[in-house]
Amino acid sequence: MSRSDDELPITDGGASVRMQYEEPTAIVDTVVRGVEAVDEPPAPDRPLYDWIEPEAMVDLFDHAAAKGGDVRLEFAVGDCRVVVTSAGTVAVRNDPVGICPTE
């Protein structure tokens, strides 16, 4: 079975959102807005860099854009699974069942 790079498997009927970003520098804000939109109950007030290095994420997608590369990055923020693709999508799903512990 194949899936497109910006799809998240639906495992528990949790909330999800899919957003577009225009350039790599907008990825961090898009991820934060997506997590805020679906995180129920809200994660403790922790900055994004407690979960992932935002500058490294931007650098990765900026480099991919410059080289024409295809990149997919998947990570957890609290109970949310986040998938960012070089196609300009950020998908966030509240899916604690499908996430490995981060601490």
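Legend: residues meeting side-chain contact (heavy atoms from CB on, under 4.5 Å) with D50, ordered by chain and number and at least two apart, are R46, P47. Remark: E23 pairs with T25 by the side chain to side chain donor-acceptor pair (under 3.5 Å) rule, at least two apart or across chains. For E36, the side-chain contact (heavy atoms from CB on, under 4.5 Å) criterion is met by V32, not counting sequence neighbours. In this structure T30 satisfies the side chain to side chain donor-acceptor pair (under 3.5 Å) test with no other residue, sequence neighbours excluded.
Side chain of D79 to backbone of N94: no donor-acceptor contact under 3.5 angstrom is found. In this structure, S86 contributes its side chain and V71 its backbone to a donor-acceptor pair below 3.5 Å.
Going from atom CD of Q20 over to atom OG1 of T89 covers 6.0 Å, rounded to the nearest 0.5 Å. Of the inter-residue distances, the one linking I27 atom CD1 with L60 atom CG reads 8.0 Å to the nearest 0.5 angstrom.
Within the 4.5 Å cutoff, no side-chain heavy atoms of V31 are placed close to those of W51. The side-chain heavy atoms of R72 and V83, taken from C-beta on, include a pair separated by under 4.5 Å.
In summary, of the residues considered (L48, L73, V77), a side chain to side chain contact (heavy atoms under 4.5 Å, CB included) with V82 occurs for V77 alone.
Closest approach of C80 and V35 over heavy atoms only: SG-CG1, 4.3 Å. Taking every heavy atom of both residues into account, A26 and Y21 meet most closely at CB-CB, 4.3 Å.
Contacts classified as side-chain hydrogen bond (donor to acceptor under 3.5 Å, both in side chains) and involving residues 53-65 (residues at least two apart or in different chains) are not found.
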